[in-house]
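Written below as structure tokens is the structure these notes are about.
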Amino acid sequence: MDPVPQTRPQTAPALRRAPVQQRSAERLARILDACAVLLDETGYERLSTRAVAVRAGVPIGSVYRFFGNKRAMVAALALRNLDRYAERVSERLAATPLLDAHGAIDGVLDEFIAMKRTVPGFALVDFGVPAALPGEASDSTPGNTSDEASGTEGDTIGDGDSEGEGDGEGDSEGEGDGEGGSRGEAEDPNRLVAERICALLATHLGRPADEELHRKVLVGVETADALVRLAFRADPAGDPALVDETRLLLHAYLGPSLS
């Protein structure tokens, strides 16, 4: 299954309702886990909020408490992927404090490749929202359910969902929204990735994260993204020769700036 094309710039995803209690956070995690697995099984076009609800074992209303449509749900998954990727890179660098520039670059690339190979849904959606399908709503406005291939049009926020009662979050849609209730600014997913990687590499190698390094890392991220996608189109496990070429290119381009 080919990776899903991703739009640039993106609108940063915002939950319609941020979880307050542990139970709601766990429910949100189950929804995103189910979304990731179904992306691998069905692809983005056939993904639906109802199918995700069934797989997660939650009422459809629970999905709509957090997301207005499947695009918003996948956007949240992409943001979680970025957080987890940054955590993996950070742990990798911390585990080997004497890594030189090439070793640090290897850690950044290897963790990305490992997630492509092992993390559900990551081969299709890594850090960016899929491009909108024809006629598909591109925002998270309630009721924009034209993306639902399984006939979920007309599902409402509270449809069959009583989980919110008594959980301290409030059952009205506006309660508990906090900062998650508003849409973010347009973001380029690779720029977000580059910012996180730049900070991690600069800290690990003891050099300032200046404008030049930010630019170099952004170019490296864009290049690696394109080449890794090529490697996984050539081989579902990532063509080893193309991965090696990507590594050599990053060493030659980024190495001098990180040394």
field: Results of side-chain hydrogen bond (donor to acceptor under 3.5 Å, both in side chains) for Asp33 - residues two or more places apart only
entry: Arg80

Side chains of residues 247-259: which donor-acceptor pairs under 3.5 Å do they make with residues two or more places apart or in other chains?
residue, atom, partner, partner atom, Å
Arg247, NH1, Asp106, OD1, 3.1
Arg247, NH1, Asp110, OD1, 3.0
Arg247, NH2, Asp110, OD1, 2.9
His251, NE2, Asp106, OD1, 2.8
Ser259, OG, Gly255, O, 2.8

message: Testing the basics here: between Pro120 and Asp40, what is the closest heavy-atom pair and its distance to 0.1 Å?
response: CA-OD2, 3.4 Å

Qualifying residues under side-chain hydrogen bond (donor to acceptor under 3.5 Å, both in side chains), relative to Glu211, sequence neighbours excluded: none

query: Quick one: are Asp126 and Phe112 in side-chain contact, heavy atoms under 4.5 Å?
result: yes

- request: With rounding to the nearest 0.5 Å, note down the distance linking CG in Leu213 to NZ in Lys216.
  value: 10.0 Å

query: Are Val54 and Phe67 joined in one hydrophobic group, where the rule is that I, L, V, M, F, W and Y side chains link up if heavy atoms are under 4.5 Å apart?
result: no

side-chain hydrogen bond (donor to acceptor under 3.5 Å, both in side chains) against Arg207, all qualifying residues, sequence neighbours excluded: Asp210

task: With the side chain counted from C-beta on, respond yes when Glu245 and Asp239 share a heavy-atom pair under 4.5 Å apart, and no when they do not.
output: no

message: Within the 4.5 Å heavy-atom criterion, are Leu77 and Leu39 side-chain neighbours or not?
response: yes

- prompt: Side-chain contact, heavy-atom cut-off 4.5 Å: Val63 with Val58?
  reply: yes

query: Under a 4.5 Å cut-off applied to non-hydrogen side-chain atoms, are Val108 and Tyr85 in contact?
result: yes

query: Is there a side-chain contact between Leu28 and Arg65, using heavy atoms and a 4.5 Å cut-off?
result: no

- prompt: What pairs with Glu91 under side-chain hydrogen bond (donor to acceptor under 3.5 Å, both in side chains), at least two apart in sequence or on another chain?
  reply: none

message: Can you list everything that forms a salt bridge (charged side-chain N to carboxylate O under 4.0 Å, His left out) with Asp244? Sequence neighbours excluded, please.
response: none

Within-4.5 Å side-chain heavy-atom neighbours: Ile197 and Val89: no

- prompt: In Å, rounded to the nearest 0.5 Å, how long is the span from CE of Met73 to CZ of Phe66?
  reply: 12.5 Å

- prompt: Is the backbone of Leu242 close enough, under 3.5 Å, to the side chain of Thr246 for a donor and an acceptor to pair up by distance?
  reply: yes

query: For the atom pair CG (Leu124) and CZ (Phe232), what is the distance rounded to the nearest 0.5 Å?
result: 11.5 Å

Closest non-hydrogen atom pair between Arg55 and Ala34, with its separation: CG-CB, 3.7 Å

